[in-house]
Amino acid sequence: DFKSYVSYFIAESILIYPVTMAFGVGFRWFGLNVTNLIFCSFIYLCVMIELHLYIYHLEKIDVDEINSLIEKGKKKKG
């Protein structure tokens with residue numbers, strides 16, 4: 001049970017990171033050395049942050065729309 005979205009993001013990133021790096025090395029997307037590991041880790045972190053911000057933004061739009069519809073329904077009824 002996650003108390004905040006940030007804790008969810010951190011947990012997901014930590015769990016997916018080794019799998020992503022294993023695929024990168026296994027499919028020879030990059031060689032296994034310190035420079036490549038740092039570079040790919042940076043790219044991984046940037047992509048994860050962007051994806052989570054985008055999904056968060058979409059969810060916020062949906063929530064605002066739902067709240068707007070609820071308010072319209074309340075005004076209509078009473």
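On a predicted model such as this, the values are computed, not experimentally measured, just so you know.
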Asn36 side-chain N/O to Phe30 backbone N/O, donor-acceptor pair under 3.5 Å: no
Roughly how far, to the nearest 0.5 Å, is the CG atom of Leu45 from the CE atom of Met48? 9.0 Å
Could you tell me whether a side-chain N or O of Ser7 sits under 3.5 Å from a main-chain N or O of Ser4, the two making a donor and an acceptor? yes
Supply the atom-to-atom distance His52 NE2 to Ile10 CD1, rounded to the nearest 0.5 angstrom. 10.5 Å
Those residues that, when tested against Phe39, pass ring-ring contact (aromatic ring centres under 6.0 Å, His included) (two or more places apart): none
Side chains of Ser13 and Tyr44: any donor to acceptor distance under 3.5 Å? no
Do other residues, nucleotides or ligands put more than 12 heavy atoms under 6.0 Å from the OH atom of Tyr17? yes
Interatomic spacing from CG in Asn33 to CD1 in Ile38 - rounded to 0.5 Å: 9.0 Å
Following the transitive rule for hydrophobic clusters with a side-chain heavy-atom cut-off under 4.5 Å over Ile, Leu, Val, Met, Phe, Trp and Tyr, establish whether Val63 and Ile61 coincide in one cluster. no
To the nearest 0.5 Å, atom CG of Leu69 lies from atom NZ of Lys76 at 10.5 Å
Phe23 and Ile16: same hydrophobic cluster, using ILVMFWY side-chain contacts below 4.5 Å? yes
Flag if over 12 foreign heavy atoms under 6.0 Å of CZ, Phe2: yes
Does Tyr54 have any ring-ring contact (aromatic ring centres under 6.0 Å, His included) partners at least two apart in sequence or in another chain, and if so, which? none
To the nearest 0.5 angstrom, please state how far the CD1 atom of Ile14 sits from the CZ atom of Phe9. 9.5 Å
In the single-linkage hydrophobic clustering (I, L, V, M, F, W, Y; side-chain heavy atoms under 4.5 Å), do Leu15 and Met21 co-cluster? no
If I take atom CD from residue Glu59 and atom CD1 from residue Ile66, how far apart are they, to the nearest 0.5 angstrom? 10.5 Å
Side-chain heavy atoms under 4.5 angstrom apart, residues restricted to Ile, Leu, Val, Met, Phe, Trp, Tyr: same cluster for Phe27 and Val25? yes
When hydrophobic residues are tied together by side-chain contacts of less than 4.5 Å, even through go-betweens, does Leu32 share a cluster with Trp29? yes
